[in-house]
K.L.:
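Quick one: this structure, given as structure tokens, is what I'll be asking you about.
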Amino acid sequence: MAVKGGIEASDQDWADLLSKVTRDGFYGVSSTAIYCDFACPSRPPLRKNLRIFEVAEEAEAGGYRRCKRCAAPGVHARTGFYSR
Ligand SMILES: [Zn+2]
């Protein structure tokens with residue numbers, strides 16, 4: 001299924017992803033249709049597949065699914081979205 005939405009990753013977004021900082025927003029990976037916190041422990045995706053979202057709802061609306069590794073209870077307290 002094709003996913004859509006998000007914006008192109010900036011150099012700063014890419015640097016944040018690689019250093020796994022805790023920050024606002026999410027990154028989506030268009031090749032897998034998964035979206036993650038920047039602090040997600042998963043392996044970094046290819047940069048060309050990266051899309052940036054401000055809020056989880058935006059990613060969901062584009063057809064992305066929440067990554068299970070960074071959606072653990074507590075991790076996502078900031079937005080409350082999908083915290084269970
Ligand atoms: Zn993740």
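Counting convention: from 1, in listed order, for ligands and their atoms alike.
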K.L.:
Would you tabulate the side-chain donor-acceptor contacts of residues 39-47 under 3.5 Å, counting partners in other chains and residues two or more places apart, or write 'none'?
P.N.:
residue, atom, partner, partner atom, Å
R47, NH1, D11, OD1, 3.2
R47, NH2, A9, O, 3.4
R47, NH2, D11, OD1, 2.9

K.L.:
Is I52 close to W14 at the side-chain level, that is, under 4.5 Å between some pair of heavy atoms?
P.N.:
no
K.L.:
Without swapping roles, check the side chain of R51 against the backbone of K4 for a donor-acceptor pair under 3.5 Å.
P.N.:
no
K.L.:
Using the ring pair (Phe, Tyr, Trp, His ring centres under 6.0 Å) rule, take F26 and Y64 through it: C-alpha gap first, then chi angles, then the decisive distance, then the call.
P.N.:
CA-CA 11 Å; F26 299 88; Y64 288 83; over 10 Å; no
K.L.:
When you measure from the side chain of D16 to the backbone N and O of D13, does any donor-acceptor pair fall under 3.5 Å?
P.N.:
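Looks like no, no N/O pair under 3.5 Å.
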K.L.:
How many N, O or S atoms of the protein are nearer than 2.8 Å to the Zn ion (ligand 1)?
P.N.:
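Excluding waters, the total comes to 4.
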K.L.:
Is any side-chain heavy atom of Y35 closer than 4.5 Å to a side-chain heavy atom of E60?
P.N.:
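Of all side-chain heavy-atom pairs linking E60 with Y35, at least one is under 4.5 Å.
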